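Working notes, beginning with the structure itself.
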Amino acid sequence: MSGSEEATANGASSDNVVAFKGGDVDVSPSVIDGDGGGDDAKVPLKEESANQDGKSSDDPSCMASAITSTAAPSTNEPERHWDNTHKKVVVHNVLKYIRAKEVEKLTSSWLKGHESLGIVVAKSKKPPKENWAKLTLQEESMVEPFIKLINEGGEGGGAMVNAKGKPMFAKRANEIDDRDNGRKRKERDGDDNSNNGRDNKRPNITKVLTNDEIRDAITPLWRMPYKEQLASKTRELTKKCAMKIVKEIKGKFRTLEQEAKRGHRDKVELYDWVGGKRVIEIEDPVPSPKIFEYRNKCEFTFGYHHVVEKAEEGGDGKKDGGDVGMEGVETPASDAVVKKVPAVGFLPQGWNGGVYPPHCLQNMPDWACSVADIMNDFLPTSPLPPYDSKVHRGFFRTITIRCSLRTRECMVIVLHAPAKGGVGAKEDRSDDYTDVFESEKQRLVDMLTKDALPTPKRDFPEGYVREVNESDGGIKVTSIFFQEYEGLSNPSPEHPVQHVFGKNCIEEKLGKCTFQISPGAFFQTNTAGAEKLYSMVVDRVKEVTNNPKDTLLVDVCCGTGTIGLTLMKEGVVGSLVGVDIAKPAILDARANAEKNGMTTNTTRFVASPAEKVLPDEMKRISQSCPVVAVVDPARDGLHGTVLKTLRMTERIQRIVYVSCNPTGSLCPDAGLLCAPPTKKYPGLPFKVTMAQPCDMFPMTNHCEMVLTLDRMSKEECEGKKDVGK
C-alpha cells in the first residue's frame, strides 16, 4: 500500500512520503465531527452533514452551506471562493418526487417571461423525496429579485404555484426560519437584550455528560448481558434485513407483473422459495471471542474538552478551578464558567458538546487510551490548535491509532490542515503555523516514542470484570505518519501521508496468515472476530468446491487480500483474482500474497473500481474453470455493473456476500441478484440459502452478515420442482 510521491506542503523530502493513489475506505462507521474531524468508533454523521445547530445539511432551515458557520459572514472579511451562501436560495413546496435532472427545466419555467430581471441560475440541487430545491444564482444581486418573483410573481401578486396548484415560497439559504419566534436567530446573533417569554425560563445551559451517558451514546448496548445483545441483533436483522430482502424481491415481481399486464413481457410466477412464511431464516449470530477492549483501530477527534469551573461564593469573580467535566452536571452560565481545554476523544453530543476521553468505554483498549493521554498532555502546551470544521481554521483534525497485540506493533496517523492555513485561513495570516510546525511535530514524535505506552487509568462501570486478553503492557509506537489535508470533509484512502518515524506499516497475524497493513488500508477492526468471520466464509466456499485446486475465487472489494489469501491458505481454492478500488490496499494485497507463500501464477490483484474491470476479468477466465465469488463491499454496497456481471457469469454457482451494512445496502443488492432476469440484469437469478450474522462489534448496534446465495436452475425458475429454502 505504500509508494513514493511528492512531498507534502510542509516541505518534507520525497523520501519521507508514502503516497497513495487509486480508493472501504474503512467502513467502520465515522463519528459526528464537531470541534474537529471524524471518529472511527461510531456516532455516525459526516463532517459536512450537520451545521452548528446539529441539523442535517439537507434541512432547508439550515441551508447555510456546511462549509460555513450559520452566523452571517462578517462584512470585514472578503468573499472566499468556498463561500457561496449569499448567492443561494431555497425554494419550498416544489414537487416531492421530481427528478433532479428536471430541476433545470423547472427553474427555466419560473424565469420564463421574466428575462428582463437578468436572473441566471448557476447551479441547482434537488434531494430525492424532499419538497425543496436549493439554487445558487450567478450573482448576489439576483437573490432578492428571484425571491420576490417566487413569492409574489404568481396570479394576483401571490406566490407562484407548483404543478399541483400549491403555493411555493423562497428564502435565502442562510436565513433561519422566522416562524421559530426569532429565538434561534437571537441565539445565533448573540442578542442578550431579548429575554422575552420562555427564553427567560431557559438559562444558557452547559450539559456535561456522565460516563454512563457517554457509554449510552457510543456503545448503546453496554448495559445488556451479551446474550441479550445477540438476541436483540437477531430480532433487528430478521425485521430489517431478512424481511426487507424478501420485500425487495417481491417488489421486482410486482413490477414485472404490471409490465406483463400492459403486454410488455410474459408473466413471471413468484418463485417457490420466495412464497413461504419465513423465507430467509436468520441463524444465531456467531459471538465475538472478545466482548470488551476488542478494537484494533481507533480514531479520535481533536477538539475541546469542556471543563466546568464553579465560581466561589461571594461573587468576587474568582473560580475555584474545580474540574467537573465528567460529573454529568447542567450548570447555569450565571453560576459557572465552561473552560475549553484542547483534547482528543469522541463527540457523543455532536458539534458543540466538546470531546470526551475514551477511558470509560469498554470496547476501547488500553493502548488507545494511552495515546489519547499523551496527546492530551501535548495539546495544552502546543501553539497548534484543534481544527474548527465550522470555519475551517486550526490545525489538528483527527488521530488514528492501529495496534496489533499479536505482533506488538502500533501505528499513529495524525491528520492535520496545512501549516500555512487551510480553506478558511485568516487574511492577516495569524493562523499560519509554518514557523512552529516542524518543531512541534518533532516534540510530539518524541513524546509518543520515548517509552512504551503507559498503563492508563480507566473509568469502567462498577462491577466490570476485565477479560483475560493479550497484555497491552510493553506496547511501543512503531510507526508515525502525518497527513496533510486541505479539503472540507475527509481524505480518501489513497491521499498522501508523510512517514516521520519507524516502519512503513504494521503487521497483524490472522489465522494461518500474516498481513501487512498500511496507513490507508482497510482491515477488520476486531482481529479475533475476523478469524470467526473468515472461518464462516471458508466453510461456505468449501461446500461447493469439489476440486479446490482447479477452483478460482473472484474476490470483489478484496482490500488487503485477507479473505482471498485465507481461502488459499486453507486450500479451499487454487487461485484467485482480487479487485479493489484502493491502490494502497492492492499494494498491500500483493505484498501479503508473497509474505504468505503465494505466487503471481496463482494470485492476481487489480487496483480499479470493480465495475470497470470485473467484466473483462471474467472474460479472461477459462470457460472450463469452476468459479466461486466472495464480495465484501463498503457500506454503499455493490455497483450495478458488478451485480450484472455476477448474474451474467453463470459459471458462478455461489456468491458469499459479506456485508457490513446488512440493514442497508445488502437488501437492494440481494434483491437484484435474486429477482427474475430482465434486459438490464440478465442471467439466472440466485436464491438465499443461508443468512449467518457474525458479531464483530459487541455493545453496539452493528453486526456483520454472511449471506450465501446459490444460483437457481432454469427448472426452478419455471416452477417445475420444489425449491425449498
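None of these values were measured; they are calculated from a predicted model.
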Parallel, tilted or perpendicular: ring planes of Phe146 versus Trp110, cut at 30 and 60 degrees: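 Ring orientation, 0 to 90° scale: tilted.
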query: Have Ser288 and Asn526 got a donor and an acceptor in their side chains that come within less than 3.5 Å?
result: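 Short answer, yes.
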- request: Indicate whether any N or O donor in one side chain lies under 3.5 Å from an N or O acceptor in the other, for Asp632 and Tyr657.
  value: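 No - no donor-acceptor pair under 3.5 Å links their side chains.
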Rounded to the nearest 0.5 Å, what's the gap from [atom1] on [X] to [atom2] on [Y]? Could you check?
X	Y	atom1	atom2	result
Thr525	Lys297	OG1	NZ	8.5 Å
Tyr294	Asn363	OH	CG	4.5 Å
Leu221	Lys233	CG	NZ	6.0 Å

query: If you count the non-hydrogen atoms of other residues, nucleotides and ligands that lie under 6.0 Å from CE in Met648, is the total more than 12?
result: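 For Met648, atom CE is not crowded (no more than 12 foreign heavy atoms under 6.0 Å).
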- prompt: Residues in ring pair (Phe, Tyr, Trp, His ring centres under 6.0 Å) with Phe253, at least two apart?
  reply: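 So Phe253 forms a ring pair (Phe, Tyr, Trp, His ring centres under 6.0 Å) with Tyr271.
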Do [X] and [Y] sit within salt-bridge range, that is, some charged N less than 4.0 Å from a carboxylate O?
X	Y	answer
Lys687	Glu716	yes
Glu617	Arg620	yes
Glu281	Arg278	yes
Glu257	Lys267	no

query: Please walk me through it: do Val274 and Lys250 pass side-chain contact (heavy atoms from CB on, under 4.5 Å)?
result: CA-CA 8 Å; Val274 185; Lys250 289 183 176 180; 3.9 Å; yes
- prompt: Would you say the side chain of Thr603 lies within less than 4.5 Å of the side chain of Met568, judging by non-hydrogen atoms?
  reply: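 Yes, side chains in contact.
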- request: Would you check, one step at a time, whether the test side-chain contact (heavy atoms from CB on, under 4.5 Å) holds for Glu704 with Gln524?
  value: CA-CA 11 Å; Glu704 294 272 325; Gln524 293 287 353; 4.1 Å; yes
Listed pairs under 3.5 Å, donor-acceptor, residues 532-544 side chains, sequence neighbours left out:
residue : atom : partner : partner atom : Å
Tyr534  : OH   : Thr562  : OG1          : 2.9
Arg540  : NH2  : Glu543  : OE2          : 3.0
Glu543  : OE1  : Arg654  : NH1          : 2.6

query: Looking only at heavy atoms, what is the nearest atom pair of Gly640 and Tyr681, with distance?
result: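 Looking at all heavy atoms of both residues, the shortest contact is O-CE2, 3.5 Å.
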field: Verdict with supporting geometry, Ile282 and Met705, side-chain contact (heavy atoms from CB on, under 4.5 Å)
entry: CA-CA 10 Å; Ile282 299 294; Met705 172 68 81; 3.7 Å; yes
- prompt: Going through the distances and angles, do Val554 and Val627 end up as a side-chain contact (heavy atoms from CB on, under 4.5 Å)?
  reply: CA-CA 7 Å; Val554 176; Val627 180; 3.6 Å; yes
